[in-house]
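Step one of this worksheet: look at the structure below.
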Protein chains: 2
Amino acid sequence: MSNVFKAISDNTRREILRLLREKPLSAGEISKHFPVSKPTMSAHFSVLREAGLVATHKQGKLVIYQINMSVLEDALLGFSGAIGLGLRSNTLNKGNKNAKS
Amino acid sequence: MSNVFKAISDNTRREILRLLREKPLSAGEISKHFPVSKPTMSAHFSVLREAGLVATHKQGKLVIYQINMSVLEDALLGFSGAIGLGLRSNTLNKGNKNAKS
DNA sequence: TAGATAGTTAGCTAATCATCTAATTGTTGT
DNA sequence: ACAACAATTAGATGATTAGCTAACTATCTA
């Protein structure tokens, strides 16, 4: 999906995904790590959500963001394959896409 | 490198890389595959070149573009690692980054 | 119910981007 | 030297983008 590449073309959004690698985080917790306004962060979240790279659920007044590894994997692997770059998914993570390590 | 992700965020540029997978091509040969003007294509080539994704050499009046697999591999693998997505380089292609298949 | 907190939406701006046409540079062949 | 061809540069334009402040919505708690 082209939206995935647009989404990860921005450094702030790549950093958001990196933070989400550890564990799901609320919008506010994520925003603390960046020197930009909350509305700007919210816009970044929208881009990531529309690309399917993150999923959300509400928890009280918090909105929890969670990374969606498979969408990222599909895009990267698909592109890598189309280009003839032989990237492979790590079999250790198969069926455990959100593994911390 | 952030420029790599910007470069591959555009569909035309991803297609250019896909064409270059087969073999090095001149600017004109590449341009034939796209419904945009030559100057626009030239601008796309600049973005790819500045990201280090392609290298060029002149051959008479032709400018030959060649894909640089290792830069792409480094960026994708680096990001994949930072995010905790366990992509690995295909060992079959080790030391043969420009392999056709 | 009122105040505080979390997050998004609305509306704006400056910068970047993809695209175009016209002009320029460089190379080859006659 | 000149015509033809390949490609880039110059310069303009409309669209998208990342950023901001202000205002709104929703939830919790005192």
Exercise for the section: Determine: side-chain N/O of B/S37 to OP1/OP2 of C/dT19, distance under 4.0 Å, yes or no. Expected result: no
Completion exercise
Comparing A/D10 with A/P39, nearest DNA chain D nucleotide closer to 5' gives the residue A/D10
Handout entry: Side-chain N or O of B/H44 closer than 4.0 Å to phosphate OP1/OP2 of C/dT19
Key = yes
Exercise for the section: Round to a whole Å and report the spacing from NE2 of B/H57 to P of D/dT8. Expected result: 13 Å
Practice task
Return no unless some side-chain N or O of B/S26 is found under 4.0 Å from OP1 or OP2 of D/dA7.
Solution key: yes
Problem - Presence of salt bridge, B/R18 and B/E15, under 4.0 angstrom - result: yes
Problem - Distance test, side-chain N/O of B/Y65 to OP1/OP2 of D/dA6, below 4.0 Å - result: no
Handout entry: Pairwise side-chain contact, B/T56 with B/V63, heavy-atom cut-off 4.5 Å (strictly under)
Key = yes
Completion exercise
note: B/L62, atom CG; C/dT27, atom C1'; distance rounded to Å ~ 10 Å
Exercise for the section: Write down the distance between CD1 (A/I64) and P (D/dT27), rounded to a whole number of angstrom. Expected result: 14 Å
Practice task
Answer with base, sugar-phosphate or nothing: what part of the nucleic acid does A/F34 contact at a heavy-atom distance below 4.0 Å?
Solution key: nothing
Practice task
Ignoring the backbone of A/V36, work out which of D/dG19, C/dG7, C/dC20 is nearest its side chain.
Solution key: D/dG19
Exercise for the section: Examine B/F5 together with A/F5 and report whether their ring centres are nearer than 6.0 Å. Expected result: no
Practice task
Side chain of A/A27 only, please: which of D/dT8, D/dT17, C/dG7 is the nearest?
Solution key: C/dG7
Handout entry: Earlier contact from the 5' end, DNA chain D, for B/E29 and A/K58
Key = B/E29
Problem - A/L53 and A/N68, any side-chain heavy atoms less than 4.5 Å apart - result: no
Practice task
Determine: side-chain N/O of A/T40 to OP1/OP2 of D/dA18, distance under 4.0 Å, yes or no.
Solution key: no
Problem - Nucleotide C/dT19, atom P - distance to CE of B/M41 in whole Å - result: 9 Å
Exercise for the section: Round to a whole Å and report the spacing from CZ of B/F45 to P of D/dA7. Expected result: 8 Å
Practice task
Return the value, rounded to whole Å, for the distance between atom CG of B/L25 and atom P of D/dA7.
Solution key: 11 Å
Practice task
Using only heavy-atom distances, decide whether a donor-acceptor pair under 3.5 angstrom links the side-chain of B/K61 to the base of C/dG26.
Solution key: no
Exercise for the section: Report the distance from atom CG of B/N11 to atom C1' of C/dC17, rounded to the nearest whole Å. Expected result: 15 Å
Practice task
Taking the side chain as every heavy atom from C-beta outward, state whether B/V71 and B/V54 have any pair of such atoms under 4.5 Å apart.
Solution key: no
Exercise for the section: Nearest whole angstrom, please: distance from the C1' of D/dG19 to the NZ of A/K38. Expected result: 16 Å
